[in-house]
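What follows is a set of notes on a single structure, which appears directly below.
Excluded from the calculations below are hydrogen atoms, water molecules and symmetry mates; all remaining heavy atoms, backbone and side chain alike, are included. So that the names make sense, note that chain A is the first sequence line, chain B the second, and so on, each numbered from 1.
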There are 2 protein chains.
Amino acid sequence: MNLPPLAAIRAFEAAARHGSFTKAAEELSMTQAAVSYQIKLLEERIGTALFLRRPRQVTLTEIGARLSPVISEAFDMMRAAIAATRENADGVLTITTIPTFAANWLVPRLGSFQLAQPALAVRLQATREIVDFSRQDADVGIRSGSGRWPGMIAHKIFDADFTPMLNPALAASIGGVKTPADLLKLPIVDPSDPWWQLWFAAAGIPEPDLRGDPRSRYGDQHLEGKAVIAGQGVGILTPAFYETELAQGQLIQPFDIVGTADHFYWLVYPEARRNVPKIRAFRDWLLGQLEER
Amino acid sequence: MNLPPLAAIRAFEAAARHGSFTKAAEELSMTQAAVSYQIKLLEERIGTALFLRRPRQVTLTEIGARLSPVISEAFDMMRAAIAATRENADGVLTITTIPTFAANWLVPRLGSFQLAQPALAVRLQATREIVDFSRQDADVGIRSGSGRWPGMIAHKIFDADFTPMLNPALAASIGGVKTPADLLKLPIVDPSDPWWQLWFAAAGIPEPDLRGDPRSRYGDQHLEGKAVIAGQGVGILTPAFYETELAQGQLIQPFDIVGTADHFYWLVYPEARRNVPKIRAFRDWLLGQLEER
DNA sequence: AATCTCACATAAGCTGTACTTATGCATGAT
DNA sequence: ATCATGCATAAGTACAGCTTATGTGAGATT
């Protein structure tokens, strides 16, 4: 069965609550005539009188009196649900991020964001799919790329640059790493990574002999980093991801030479939503974190 | 907080149930474009995406998924309530009737109506107020009057005529009632009733001596009738109300002379509702009852 | 008793929302 | 490679739903 026009039901609900068409009209910001019209419509639609028109007031008929509380309850439910949705929409920040950035940078720092924004819950989606907010349930994204996405605002986070890193003990085992060529004496973690070629070229070694060890391929900088810290070989990593480990001496960066592919990490979100409070808060926090360096 | 436009909510509810704008549009008998438009409106209104647009289908976002069941439930409530109202409206017949007719004619016969229409419940309102269906919660009315009410259909039930009646034992106590004048030898139940004047005039006694006995005024033919049956005096009553008592000999009607004030009992109901089944059923039953006489 | 006031009904006319039609776009299926 | 499907979007339209203006009836007020 089809519902009667909802505008009519809404008018009925308000009129029943107030016992007055005039007051209902005020509540709904319309005229008394409009309420009268809608209620007449509803009565015709369901085929029975809902109100008794008495001189200075209207009263519910028996049928109207039975209908009214149920309708009110249904409206309350909807009101509550939509209010909850609003809170939910405001109170949960969903971040879609590439896994590497999540593991190496975001997750370790999220605690500070949550301290700063205790009312905001964070939901993380680590995925490599290109970010498309019309088909991903997310508020902000972190992606690498050119930074040009139509309709999107993109803040540069840092360069996806790369340089060799290794465990200091591993370096000591060959008497220290003095020249780029020294690296070739050590196992290479993921020698298939194209970054190696780029970096050695930048370091003046155009065609390095990278002895491939099939076991050492991780496909993810996060895992590669773990292997390097554990001393399993030299890795080519993004320094910004390993600030802590470098500071604590778990890793060393033997050369200042840094490769780059003109590739950046970006914080992105739809331009239309740039003033949504939770998005603002996250952007400000993230940019603040970068300045602290 | 104000609810978003209900048309948008309805579109959302249907789309969420179907997981498809196209199917929702079919259900609501509108185009896919309209559903798309409404949902976009709703999303803007509550400030968050509700659907993820995936190729060949739409999926609810987390927030949409939380909202949807509540909205569906609210709609189900309303649907059920309105369906119940319809049943109620169809299943309860409210009759507003003048008390005399209720007591003397209608109530004793209602059992037969209820046997004939077991699905119909009857609610009786005995009141003397003029019948006005816009301010009385009733489906049909029984009133006396001229039979001309604008916008109303009125079926004549019978003449509100009147003639003296009395208990046969009372008649015997004065050796029988042979002439109208004989009545004056007996106590008159409610001598203030204007019908007496009219009847005696019709019977050829223009100025009868009605010895008023202040105790014997009832103001209601029903009570008056009880007194007459009990032998407390002669009453002036409407024969149609006392068919049973006359047949069984509890009352006698000594003269065929019947007074009338061109006043009838009418069954009335709004013209616009003449085809409502319960009203039809009652009208047909009532007219049938009259023919059986 | 006469007048006033209040609340709703009704008519006429307007306005803007919610629709349709037409088209475009992306993607999964064939 | 082509087709089919499902949603988005733009433009134009129709009519529901509104406002304005006025009428009505019965309490309230004097």
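Taking the six-membered ring where tryptophan is involved, the planes of B:F113 and B:F282 are perpendicular, since the angle between them exceeds 60° and thus also 30°. Taking the six-membered ring where the residue is Trp, A:W195 and A:F162 present parallel rings, their angle staying beneath 30° rather than reaching 60°. The aromatic rings of B:F158 and B:F101 lie tilted to each other, with the angle between the two planes from 30° to 60°.
Put simply, CZ on B:R54 is 17 Å from C1' on D:dA8, counting in whole angstrom units. Atom CD1 in B:I39 sits about 11 Å away from atom P in C:dC19, given to the nearest Å. The distance between atom CD of A:E44 and atom C1' of C:dA9, rounded to the nearest whole Å, is 13 Å. For the pair B:R53 CZ and C:dG24 C1', the interatomic distance rounds to 17 Å; values are reported in whole Å. Atom-to-atom, CZ of A:F21 to C1' of C:dC6 comes out at 15 Å; the value is rounded to the nearest Å. If you take CZ of B:F51 and C1' of D:dG6, they are 13 Å apart, rounded to a whole angstrom. C:dA9 atom C1' lies 19 Å from atom CZ of B:F133, rounded to whole Å. For the pair A:H18 NE2 and C:dC8 C1', the interatomic distance rounds to 17 Å; values are reported in whole Å.
With sequence neighbours excluded, the residues that form a side-chain contact (heavy atoms from CB on, under 4.5 Å) with A:R280 are A:N275, A:R283, A:D284.
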Protein-nucleotides 15-24 of chain D N/O pairs under 3.5 Å:
from	atom 1	to	atom 2	distance (Å)
D:dC18	OP2	A:Q38	NE2	2.6
D:dT19	OP2	A:T31	N	2.7
D:dT19	OP2	A:T31	OG1	2.7

Can you tabulate the close N/O pairs, meaning under 3.5 Å, that link protein atoms to atoms of nucleotides 25-30 of chain C?
from	atom 1	to	atom 2	distance (Å)
C:dT27	OP1	A:R135	NH1	3.0

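For residues 266-276 of chain B, the set of pairs meeting the salt bridge (charged side-chain N to carboxylate O under 4.0 Å, His left out) definition, not counting sequence neighbours, comprises B:D139-B:R273. Applying the side chain to side chain donor-acceptor pair (under 3.5 Å) test to residues at least two apart or on different chains, none of the pairs has a partner in residues 32-42 of chain A.
Distances from the side chain of B:K40 to the nucleotides D:dT9, C:dC8, D:dC7 place D:dT9 closest.
Counting heavy atoms from C-beta on, the side chains of B:F12 and B:E43 never come closer than 4.5 Å. Looking at A:Q125 and A:I95, their side chains never come closer than 4.5 Å, going by heavy atoms from C-beta outward. Two residues are said to be in side-chain contact when any heavy atoms from C-beta on lie closer than 4.5 Å; B:E27 and B:R17 meet this criterion. In this structure, A:W266 and A:K156 have side chains that are in contact, with non-hydrogen atoms separated by less than 4.5 Å.
Pairing each heavy atom of B:D161 with each of B:T238, the nearest pair is O-OG1, 2.9 Å.
Between A:S36 and C:dC8 there is no side-chain N or O to OP1 or OP2 distance below 4.0 Å.
When heavy atoms are screened at a 4.0 angstrom cut-off, A:T22 is found touching the sugar-phosphate backbone but no base atom.
Summary for the helix from C:dA1-D:dT30 to C:dT30-D:dA1: the axes at its two ends, each from 5 pairs, differ by 30° when rounded to the nearest 10 degrees.
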